Amino acid sequence: MEGDIKSRGLFDSDRGRSRVSFVSVFSVLCGFQQATTFTASTTVFKSKARKEGHSYSSLAGPAGQTSLKERLSPPGIPNRQLEGEAFPGIPKFPTPLSAMAMVCLSDFEDYAKKYLPKIAWDYFSAGADDCTTRDENILAYKRIRFRPRMLRDVSMMDIRTKILGSEISFPVGIAPTGFHQLAWPDGEKSTARDPPNAFVSDSFPMKMFLIPVQAARAMNTCYIASTYSTCTLEEISAAAPGGLRWFQLYIHRNRAASQQLVQRAEALGFRGLVLTADLPYTGKRRDDVRNGFRLPPHMKVKNLEGAFEGGDCSEYGLPPNSLDPSVTWNDIYWLRSLTRLPIIIKGILTREDAELAVRHGVQGIIVSNHGGRQLDEGPATIDALVEVVEAVRGRVEVYVDGGIRKGSDVLKALALGAKCVFIGRPALWGLAYKGEEGLQDVLRILQDEFRLSMALAGGEPSSRDSEEQPGAMSLAGVSCLVTGAGGFLGQRIVRLLLEEEEPLAEVRLLDKAFSDEALGRFEKFKGKTEVKILEGDIRDVTFLHRACQGVSLVIHTASLIDTLGLIEKKLLWEVNVTGTRLLLEACVRCNVQHFVYTSTIEVTGPNCKGDPIFNGDEDTAYESTSKFPYAQSKRLAEDSVLKADGQVLKDGGTLMTCALRSMYIFGEGCPFLQGHLDKCLLNKNVYLRFSRKEALVNPVYVGNIAWAHLQAAKALRAPQKAKHVRGKFYYISDDTPHMSYADLNYELTKELGFGIEPQLPMPLTALYYFSLLLELVSFLLRPFVRYIPSTNRHLVTLLNTPFTFSYRKAQQDFGYAPRYTWEEAKQGTGKWIASVIPQRRLHLQSSTA
Ligand SMILES: Cc1cc2nc3c(=O)[nH]c(=O)nc-3n(C[C@H](O)[C@H](O)[C@H](O)COP(=O)(O)O)c2cc1C
Ligand SMILES: CCCCCCC(=O)C(=O)O
């Protein structure tokens with residue numbers, strides 16, 4: 001059907017716009033500035049002379065099998081002390097080796113430096129040439145300063161994050177490093193074992209930050225296993241089945257060997273493929289040259305055993321020149337043809353390469369300079385991060401490694417846009433200290449420091465950009481299409497868009513038809529923004545195509561709402577599901593980048609068992625069994641919207657979407673409130689009680705849910721926020737007190753002298769079976785007459801199940817905060833109800849006469 005597009009420039013004057021100023025609840029966490037003095041406490045690389053060290057030969061015993069105690073026990077200290085045994089009569093701690101002595105990561109460094117064989121230490125600590133970049137990685141962090149914020153309730157902080165869809169306990173993973181057996185006999189098996197066995201921190205002062213027990217105990221992090229591991233991939237994955245592992249690949253001249261490695265890793269359950277891009281040749285590490293670095297005979301690059309001919313393993317365990325220096329960007333396509341694993345490229349330092357990485361379809365970027373071991377005098381990674389994050393604009397995840405030695409370094413990296421950081425050498429020092437336990441200690445200290453820094457800085461780095469980047473959270477100059485613009489919510493969204501302090505370029509209002517009242521209301525909010533009215537059908541592809549042309553943001557509220565089963569399922573599907581999918585397709589064709597979908601709490605429930613939820617959130621597990629057509633149609637539509645996130649637009653851009661699951665919406669113009677009011681007027685000004693008092697829900701005021709749409713749209717446009725928001729759904733409630741639906745009607749109007757029935761018309765169970773009976777009657781009559789009962793089981797459950805949700809995640813991720821208080825919402829709505837009473841009475845009189 002051809003849509004009738006009435007495109008009129010409604011408003012041409014900009015006077016009289018009301019002022020909207022948004023004061024973000026979450027604001028800048030971190031900025032950075034140059035420090036005037038360097039405190040350079042990291043002198044370990046330069047000034048500390050080594051006192052003693054093992055000789056290289058002590059690593060390999062007669063049969064290449066020296067025991068752990070022999071290998072790591074420092075001269076003069078009995079081996080048993082390493083196992084925590086006390087000398088007879090001497091207390092177990094403090095000793096220089098007890099975990100209590102290890103306070104920060106440099107303690108582990110000191111330990112490793114002191115007790116590792118010199119050749120191993122030198123290999124681990126090596127940087128290329130003068131080690132300028134290696135040291136700069138650390139110094140650059142010291143030049144960055146926080147702008148701490150106060151009084152922001154940091155009593156509960158959730159430090160979990162997700163990388164490529166997998167949750168990790170805090171944003172630190174283990175970078176790929178070679179030859180872990182040089183640090184600990186079990187080598188990479190110990191490293192792999194660590195993350196899933198991680199800990200719950202009980203060290204002071206972290207108790208006060210403990211997040212809910214289940215989350216804390218199930219801690220996990222990501223380990224990237226190197227091609228140059230001294231254990232096989234099979235051994236590594238068997239050591240910690242189920243742990244989150246990625247595999248790091250160097251491409252060798254023997255491509256078949258590389259291909260086989262990739263496929264082995266995928267089959268073994270590694271969940272990401274990290275291609276290291278910065279090592280076509282090995283950088284010049286002077287100490288390795290001086291030491292004539294070779295692996296001891298009992299250690300091998302086990303994953304590549306047999307891949308190369310000849311016994312010369314003089315270049316880091318493999319024959320010289322076995323790496324392929326001819327690798328190019330096109331090899332990403334080759335890798336893509338070998339595996340379905342997400343590809344993460346490691347070693348990116350410039351915006352140009354970041355753009356190429358995105359264009360070649362990688363899923364993640366690790367900003368890295370290989371710990372300063374490759375090109376010397378390139379940038380510190382934390383400095384390069386800023387440039388890469390800007391270039392990537394939220395299209396793929398960005399991580400960083402190099403120089404992270406403190407929890408506050410992690411916070412800085414996150415504040416500057418990294419999704420997660422990786423540690424290289426510190427993990428090796430932990431291993432050298434006590435194998436997997438030592439690595440756990442390193443992670444625990446880093447985690448505690450991170451949490452403490454975050455609390456002291458005043459909150460989460462994800463929220464840093466709202467004040468920091470002027471314009472980042474704005475719709476200035478945007479062309480926006482609002483579907484369902486003539487509806488109760490749509491109208492309010494349009495009003496807020498037109499009231500934006502920084503005007504949009506254009507707002508297109510799409511609906512099947514607009515009432516004159518609605519058009520009149522829009523007129524009131526006229527401003528600088530051009531407004532176009534588009535009347536047509538959401539199922540009309542041509543109409544949608546024209547509506548989306550030249551638009552960069554779509555707010556899709558159009559939907560048929562049906563709690564009674566009044567609407568034919570086919571029509572409900574066509575509008576709610578097919579209409580949404582057609583609109584998404586039109587967005588892809590017309591290069592619309594941002595899409596906000598109005599979903600509903602009914603997508604979640606309540607389910608037919610009436611399982612309650614109190615103060616739930618996006619992570620609350622719930623069996624959503626409702627087959628009610630409206631709920632189902634919204635669930636499918638929401639699913640399509642969230643799955644569309646990341647779709648490539650016709651011009652090569654990316655579609656970014658999110659969905660807002662709205663609570664029941666009340667406010668001026670609410671059709672449901674009007675329906676209840678009519679019944680109340682007919683019942684001698686007493687509201688019917690259709691929900692029991694205990695069935696607490698938290699409805700949302702229309703001004704607040706409309707505001708959430710604008711906030712979500714702004715967040716999708718701001719790269720720092722978009723990465724958190726894209727592809728996600730959010731519950732949107734506000735500070736309306738929790739009460740039953742029936743009590744809401746009463747609360748809004750009690751000042752007008754209305755009352756409410758004290759009880760349900762019959763006990764809840766009876767009401768439920770009565771509804772079932774009516775449904776049966778309706779079913780039996782269907783061949784003869786269409787009878788829609790006034791109640792049904794779904795409605796009884798919906799109205800009588802406690803179901804409340806917090807808006808905390810929306811607040812965290814995109815700074816949503818209700819714009820109107822409950823008092824304001826109540827007053828505005830109450831006034832509106834009062835204003836419509838006379839005309840409703842007249843209407844009722846005439847229709848009952
Ligand atoms: C001893 C050592 C071995 C390394 N081996 C690898 C490797 O096999 N593959 C790789 O991609 N990066 C390797 N790297 C680089 C690390 O993945 C990481 O980029 C670097 O260590 C981060 O710096 P940091 O040590 O300051 O944390 C190695 C680094 C070190 C120190
Ligand atoms: C021939 C390349 C050897 C690399 C060994 C591991 C590594 O990346 C490193 O930096 O060391």
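Read the numbers this way: they start at 1 and go in the same order the structure lists the ligands and their atoms. Note that the structure is a prediction, hence the values are computed from the model and not measured.
In T276, the part holding a heavy atom less than 4.0 Å from any atom of ligand 1 is the side chain. Residue F179 does not touch ligand 1, judged by heavy-atom distances below 4.0 Å. Looking at Q248 against ligand 1, only its side chain comes within 4.0 Å, counting heavy atoms.
A salt bridge is absent between K162 and E397; no separation between the charged side-chain nitrogens and carboxylate oxygens falls under 4.0 Å. Using a 4.0 Å cut-off between charged nitrogen and carboxylate oxygen, R285 and D129 do not count as a salt-bridge pair. Using a cutoff of 4.0 Å between basic side-chain nitrogens and carboxylate oxygens, E437 and R444 are not scored as salt-bridged. Salt bridge D324/R255: present, at least one basic N to carboxylate O contact under 4.0 Å.
Considering backbone and side-chain atoms alike, G403 places an N or O below 3.5 Å from some N or O of ligand 1. Any N or O atom pair closer than 3.5 Å counts here, and P176 shares at least one such pair with ligand 1. Residue contacts with ligand 1: F124 is placed with no nitrogen or oxygen under 3.5 Å of a nitrogen or oxygen of the ligand (distance criterion only). Residue contacts with ligand 1: Y250 is placed with a nitrogen or oxygen under 3.5 Å of a nitrogen or oxygen of the ligand (distance criterion only). For ligand 1, the polar-atom distance check against Y228 finds no nitrogen or oxygen pair separated by under 3.5 Å.
Between atom 15 (C) of ligand 1 and the options R405, H370, R373, R285, the minimum heavy-atom separation is to H370. When G402, G372, A225 are checked for heavy-atom proximity to atom 23 (O) of ligand 1, G402 turns out nearest. When the heavy-atom distances from atom 5 (N) of ligand 1 to G127, A126, G178 are ranked, the shortest goes to G178.
The line from OH of Y141 to CG of L411 is 10.5 Å long, rounded to the nearest 0.5 Å.
Protein residues having at least one heavy atom under 4.0 Å from any atom of ligand 2 are Y123, Y228, Y250, L279, T282, R285, E315, Y316, L323, H370, R373, listed by chain and number.
Aromatic ring centres of Y123 and F179 lie closer together than 6.0 Å.
Ring orientation note: the planes of Y433 and F108 are nearly perpendicular, at an angle over 60° on the 30°/60° scale.
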Requested in this report: Quick one: do Y111 and E109 satisfy side-chain hydrogen bond (donor to acceptor under 3.5 Å, both in side chains)? Show the steps, please.
Outcome: CA-CA 5 Å; Y111 182 92; E109 180 178 25; over 6 Å; no

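Atom numbering of ligand 1 starts at 1 in the shown order; those under 4.0 Å from a heavy atom of G424 are 21 (O), 24 (P), 25 (O), 27 (O).
Looking at residues two or more places apart in sequence or on another chain, you find a side-chain contact (heavy atoms from CB on, under 4.5 Å) between S258 and L249, I251, H252, W334.
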